[in-house]
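We count ligands from 1, going down the list as the structure has it; atoms in each ligand are counted the same way.
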Amino acid sequence: MPSPSNHADNSAAASTVIQVAVPVPLARAFDYDCASAPEIGARVKIPFGNRQLVGVCLGVAQQPDPQVKRKAVQQVIDPEAVFTPALWRLLHWASDYYQHPLGEVLHHALPVLLRQGEAANYQTTQGFRVTAQGASCELNELRRAPQQQRLLAALRKGVLLRRDISAQEFSAAALKALQDKQLIEVFTYQPVGDGEWAFAIGAEPLQLNPEQALAVAAIGAARKPQTYLLEGVTGSGKTEVYLQAMADVLRRGKQVLVMVPEIGLTPQTLRRFQQRFQVPIVMLHSALTDRERLDAWLDAKNGNAAIVIGTRSAVFTPFAKLGMIIVDEEHDNSLKQQDGFRYHARDLAVVRGQQEQVPVILGTATPALETLNNALQQRYVHLQLTQRAGQAKPARQTVLDIKNMPLKAGLSVTLIDRMRTELERGQQVLVFLNRRGYAPSLLCHECGWLAQCRRCDAYYTVHQRQHMLQCHHCGDQQRLPLQCHDCGSTQLVGRGVGTEQLEQTLAELFPDYPVLRIDRDSTRRKGSLQKHLTDATENKFPILVGTQMIAKGHHFPHVTLVALLDIDGALYSADFRAAERLGQLITQVAGRAGRGSQQGTVVLQTHHPEHDLLQDLVHNGYSAFARSLLQERKLTQLPPFGQLALFLAEAHDAQQALQALQMIAAQIPQHADLVVLGPMPAVMERRAGRYRYQLLLQCQQRGLRQQVLQHVLPKLEALAELRKVRWSLDVDPQDFS
Ligand code: ADP
Ligand code: ZN
Ligand code: ZN
């Protein structure tokens with residue numbers, strides 16, 4: 001693979017043939033004529049079919065076919081590569097590993113504006129400065145126009161941008177008047193930044209406890225770049241370890257990439273970093289405009305940002321001088337891209353660390369089994385924090401048997417009593433239920449009819465407040481029916497409990513204690529999640545109700561009782577990752593208890609108190625629990641001991657989806673170590689009107705899997721049957737639904 005800094009050679013020829021990676025689902029590159037060869041990694045505008053696309057130059061074509069009539073590049077957009085050499089290598093690696101067309105991978109890695117062909121420059125803006133006349137005139141002459149006087153005085157101190165003018169409340173009229181008098185002039189300002197920033201510590205670092213100190217020292221003392229698993233129980237102060245490990249990197253003028261789960265990317269996180277380091281920090285999150293995102297991307301690429309905090313796609317950020325990568329909550333599922341170019345950002349972060357020769361820290365209280373195994377095999381350095389930081393003690397965990405107990409919206413009387421005690425002591429209580437809406441289904445009390453989504457094999461969720469039925473799989477919505485579709489009865493009732501109903505019941509049970517619900521529905525409005533989290537932290541609501549949104553990393557110092565309702569489903573799930581996920585979820589939610597000075601308690605309500613998984617988790621903790629799950633995975637040859645790849649085909653016609661996978665299966669060579677399962681219907685056989693089938697490859701060696709995929713994939717492009725369906729390949733799949 002040529003590096004992007006090399007010039008694609010052959011400038012002597014009048015016209016060159018270059019290879020272009022095009023964002024289409026085809027693995028090959030395409031040849032184009034070009035007057036003079038652009039740099040490798042620069043973008044070009046090209047005609048493709050009857051469209052115009054933005055592709056990336058891969059270099060000069062070695063043996064262009066003289067017979068073929070080629071089209072010409074319409075425009076070379078970039079004078080140089082838009083990717084850094086290290087990122088270029090990562091993207092090639094990813095295309096290869098995930099068997100995803102390079103053109104789409106490169107496209108995916110760029111900010112939207114660059115995908116559309118925008119120049120890779122900061123936005124220009126209008127700036128204002130004094131003229132020679134304006135610099136020398138008497139300010140006093142403007143005494144009758146105080147607005148103009150104030151503005152001119154300000155401009156004499158330095159240029160102001162359009163946005164500064166409005167932010168500092170100078171009047172537009174004054175601006176115009178000074179321009180008319182030719183005391184000031186407008187110019188086009190293009191920010192560049194010189195990639196220089198001074199390192200300064202803001203708030204003083206905390207005094208580390210011995211385990212934290214050991215971790216920071218280990219990371220700092222490493223002679224060669226390494227991947228670290230920082231396994232620290234909830235509240236053990238992992239963030240403090242990140243901060244102190246980063247300090248050294250920043251001091252040397254290097255940049256740090258911090259990756260966080262989607263929901264962990266909050267202003268609280270930002271504030272913690274800002275308070276510690278007085279350096280430029282940029283956040284890459286979904287609320288940015290395309291322009292803001294490009295500017296942030298440029299800040300990283302030019303070295304103007306010292307710290308970049310972002311979610312999974314941040315792994316594709318170019319850096320001028322990367323010094324460290326931190327992946328917080330490395331077990332979190334939001335790090336996996338589940339459609340299109342399916343990649344795991346944690347795994348790519350580790351690869352990137354090796355390629356850029358920088359340390360990678362994977363932090364979590366509940367490591368993914370893949371990561372834990374890598375640490376146990378000593379591919380990663382295993383750092384452990386077993387104690388909570390500061391004064392906080394570990395929470396007491398109890399399993400509450402609710403067999404035969406009367407339940408109110410899923411709450412047992414025992415739990416209600418415990419909650420009352422806690423609330424009367426002035427403490428905060430958190431009730432976890434991973435189901436939003438009022439009820440997970442709508443039932444006819446007379447005939448048993450259940451309202452089923454028109455387009456999916458799933459029931460509608462009842463959303464009482466909006467009087468709607470909503471499918472949580474395809475988004476389909478309907479008015480809440482008044483009558484049963486089968487028998488016409490009006491006796492329709494919600495079956496099961498969702499957070500909306502739980503909130504209502506809790507408000508009735510505890511009228512003196514306000515309830516706050518945090519889930520996707522209650523946080524739709526911009527800024528509302530933020531506000532809710534702040535209110536929760538400050539104990540403005542003694543009762544918190546939430547879904548997994550509140551499980552992740554948040555610090556609610558007043559919560560002393562955490563209750564988990566309705567976790568039994570996962571105990572008997574067919575998904576081999578269900579136990580691992582349940583262990584992570586329970587541990588993370590439980591970790592919200594007792595983070596302040598008061599000891600916390602966790603109550604797990606279940607109909608299966610004797611279940612081995614629960615017993616193991618509660619008595620031995622996640623760390624031991626995960627090790628026993630690893631033993632099971634070893635016996636069954638499942639990840640991390642087996643390597644999986646999943647083909648999925650979807651079509652409105654079930655036969656077409658099935659046949660597509662049969663054709664794929666027919667291309668797979670026989671091998672003693674390769675198991676092919678399926679085609680078989682997906683767990684949810686119909687979703688959004690499409691029938692879904694799966695074909696699973698399982699083998700022991702990653703190398704064999706890659707060989708097989710490399711053999712199979714190119715053949716699939718030629719199969720006409722596959723064009724009739726939507727199909728995809730997921731390497732290291734996480735989700736089998
Ligand atoms: P984790 O991310 O491991 O769950 P945090 O980093 O959020 O834990 O830390 C939990 C709390 O402990 C925070 O309030 C933090 O300020 C505090 N803390 C961390 N390290 C120390 C320390 N060495 N001494 C005192 N308090 C600490
Ligand atoms: Zn009915
Ligand atoms: Zn649906």
Angle subtended at the Zn ion (ligand 3) by SG of C474 and SG of C471, to 10 degrees? 110°
Close approach of G232 to ligand 1, heavy atoms, under 4.0 angstrom: no
Could you tell me which non-hydrogen atom of A657 sits nearest to which non-hydrogen atom of Y693, and how far apart they are? CB-CD1, 3.8 Å
Vertex the Zn ion (ligand 2), ends C484/SG and C487/SG: angle to nearest 10° comes to 110°
How about CD on Q548, more than 12 heavy atoms from neighbouring residues, nucleotides or ligands closer than 6.0 Å, or not? no
All heavy atoms of E500 vs all of H463, minimum pair found to be OE1-CA, 3.8 Å
Below 4.0 angstrom from a heavy atom of L208, which ligand 1 atoms are there? Numbered from 1 as shown, please. 23 (N)
Examine ligand 1 and decide if any of its atoms is less than 4.0 Å from a heavy atom belonging to R388. no
Numbered in order shown, the ligand 1 atoms found under 4.0 Å of a heavy atom of T239 are 2 (O), 6 (O)
Geometry only, no angles: is T234 polar-contacting ligand 1 at N/O separations under 3.5 Å? no
Any donor and acceptor pair, going by atom type alone, linking the side chain of E329 with main-chain N or O of V260 inside 3.5 Å? no
Contact atoms of ligand 1, heavy-atom distance to Q207 under 4.0 Å: 22 (C), 23 (N), 24 (N)
Does either side chain, that of S728 or that of D339, offer a donor lying less than 3.5 Å from an acceptor on the other one? no
For the Zn ion (ligand 3), does an N/O/S atom of C453 lie at less than 2.8 Å? yes
Could you see which bit of R272 sits under 4.0 Å from ligand 1, with heavy atoms only: side chain, backbone, both or neither? side chain
Distance-only donor-acceptor check, side chains T499 and D519, under 3.5 Å: yes
Apex the Zn ion (ligand 2); atoms C447 SG and C444 SG; angle rounded to 10 degrees: 110°
Should you measure from each heavy atom of A389, which atoms of ligand 1 turn up under 4.0 Å away? 12 (O), 18 (N), 19 (C), 20 (N), 21 (C), 27 (C)
Between CG on residue L250 and CD on residue Q278, distance to nearest 0.5 Å: 12.5 Å
With a 3.5 Å cut-off and no angle check, do the side chains of H382 and E231 form a donor-acceptor pair? yes
Closer than 3.5 angstrom, by distance alone: can the side chain of E211 be matched with the main-chain N or O of L385 as a donor-acceptor pair? no
Can you tell me how far OG1 of T364 sits from CZ of R346, rounded to the nearest 0.5 angstrom? 9.5 Å
Should you measure from each heavy atom of N209, which atoms of ligand 1 turn up under 4.0 Å away? 23 (N)
Would you check if the Zn ion (ligand 3) lies under 2.8 Å from any N, O or S atom of H473? no
Proximity winner for atom 4 (O) of ligand 1, if only heavy atoms of G235, P557, G237 are counted: G235
